[in-house]
Chemist: 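Have a look at the structure that comes next, please.
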Number of protein chains: 2
Amino acid sequence: MEAALDLFVRQGYAATTLDDIATATPVSRQTVYNHFGDKETLFRAVIDTHLNATLEALHASADRPTTSPAERPVDAESQLNDLARRLTAIFLNPRTASLRRLLQSEGPRQPHLLELWRTRVAGPVWSEVISQLTRLTHAGALRIDDPVRAASQFIVLVTGTAWQITEAGVFLYPPPPGVDGEQLDTAVRSCVALFVRGYRQTTQ
Amino acid sequence: MEAALDLFVRQGYAATTLDDIATATPVSRQTVYNHFGDKETLFRAVIDTHLNATLEALHASADRPTTSPAERPVDAESQLNDLARRLTAIFLNPRTASLRRLLQSEGPRQPHLLELWRTRVAGPVWSEVISQLTRLTHAGALRIDDPVRAASQFIVLVTGTAWQITEAGVFLYPPPPGVDGEQLDTAVRSCVALFVRGYRQTTQ
DNA sequence: CTAACCTTGGACACTGCTGTCCAATACTCT
DNA sequence: AGAGTATTGGACAGCAGTGTCCAAGGTTAG
């Protein structure tokens, strides 16, 4: 299954043959047909499986931080750094990243898959960011008029930067810089710092 | 040619047949073969053509703002708003957007195309942003220690927001909101405002 | 008008992929 | 060990797409 996902991601649905999958896998082509009957069905099963795995990882990650609630000092920057770290972790998780790429290339022809992604993955992430930001605003640590917009900016900053540094190679100027965890961390932290500075004193 | 680009973008290279292209086009399949001889050659020609068009548009856009040089008041926010507007214009230009999507899906198998994009499109954009930021820093309007990082953040904020609002549909929570020029403009301006607030007083 | 050239559509060989069938083999469970 | 089940590889039909060929029209220029 991971092999299938990998091939679909790297070569696209149309260009991936069942022979490719079979040879990259401990099972034979015939067995694949026995199980799924169809290339299309296999494809959906692959997506489904990995989407569910992503969802579980997401929920597991969502449960963790709630354990240390609002009692601790409202240091906006450090809290947002935590949030940003979680965001990048989700974003860069190999499974999630592959799934994202696959949906991006093959999604337009699978609208219900996009819908699933939106409601089950993007939705929770957004609402978590929004709720954290409003909480920090109510606590007086930030001053945010439009939490949705601020959340959008936060997400764009953090994930965009993570994307740039890792998969970046594709479009950005400094050619593939060799993924460096430390470098990524400081870059993300710098984004959070920018965000906090921008939303600390003055209003929109 | 536009039709071919469109089909390649929407269906991917492998899934697009020459019959598709021929029927979407005023010429016949045979004529396509007479001109290009090969599907692969056609593909490269398509990319090449549109990449050159993108380059021309880019240079045309790059020439314009240089005409009003550094004499005018150093109002960081308005100048960066101009820059951001140009960035989004380039980013959302239909030709450029299609090309970007195509390179993203089909790029890994065409490394030299990626190289071209990097050096001829991404490179100039980055260096322009960097030079503007350093200029504003020297003029005392901003305080930026690491212009490359700041440029990265600026680009991520602006283009990421533009992407979210337009093509977004794909991944983000609020489903396709119907592209609204005004809405986009205020969102981008809000990003610039955030950036300026973040880089105005303090350092990092 | 005529000659050279280009386009068109239809036919076609060839290739590679999907999906099926089957007989041989390996595995599992009791 | 033995019955039932799953897996394997090989062969194969059907299909779709690429690239070629060609003969019939169209177009352009002298």
Chemist: Using the side-chain heavy atoms of A/Arg29, tell me which of these nucleotides is nearest: D/dG19, D/dT8, C/dT18.
Modeler: C/dT18
Chemist: For residues A/Ala97 and A/Leu92, report the shortest heavy-atom separation together with the two atoms involved.
Modeler: CB-O, 4.4 Å
Chemist: Would you say A/Thr31 and A/Ser28 are linked by a side-chain donor-acceptor pair, where the criterion is simply a distance under 3.5 Å?
Modeler: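 Distance-only check passes for A/Ser28 and A/Thr31.
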Chemist: Quick check for you: among C/dG19, C/dG10, D/dG19, whose closest atom lies nearest to any side-chain atom of B/Leu18?
Modeler: D/dG19
Chemist: Less than 4.0 angstrom between a side-chain N/O of A/His35 and OP1 or OP2 of D/dA6, yes or no?
Modeler: no
Chemist: Counting only side-chain heavy atoms from C-beta out, which of C/dG9, D/dT18, D/dT8 sits nearest to A/Gln30?
Modeler: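 The nucleotide sitting nearest to the side chain is D/dT8.
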Chemist: Take the protein atom CZ of B/Phe43 and the nucleotide atom C1' of D/dT18, then report the distance between them rounded to whole Å.
Modeler: 17 Å
Chemist: From the options C/dT8, C/dC12, C/dT18, select the nucleotide whose nearest atom is closest to the side chain of B/Thr31.
Modeler: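 Given the options C/dT8, C/dC12, C/dT18, the side chain of B/Thr31 is closest to C/dT8.
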Chemist: Just checking A/Thr41: base, sugar-phosphate only, or nothing, at a heavy-atom cut-off of under 4.0 Å?
Modeler: nothing
Chemist: Picking from D/dG9, C/dT18, C/dG19, which would you name as closest to the side chain of A/Asp38?
Modeler: C/dG19
Chemist: Rounded to the Å, how far apart are A/Tyr33 OH and C/dC17 P?
Modeler: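 Whole-Å distance recorded here is 11 Å.
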Chemist: Is a donor on one side and an acceptor on the other found under 3.5 Å between the side chain of B/Thr17 and the backbone of B/Asp19?
Modeler: yes
Chemist: Does a side chain donor of either B/Arg135 or B/Gln132 reach within less than 3.5 Å of an acceptor in the other side chain?
Modeler: yes
Chemist: What is the separation between atom CG on A/Asp19 and atom P on D/dG9, rounded to the nearest whole Å?
Modeler: 12 Å
Chemist: Could you check whether A/Asn34 gets within reach of a base, just the sugar-phosphate, or nothing at all, counting any heavy atom under 4.0 Å?
Modeler: base
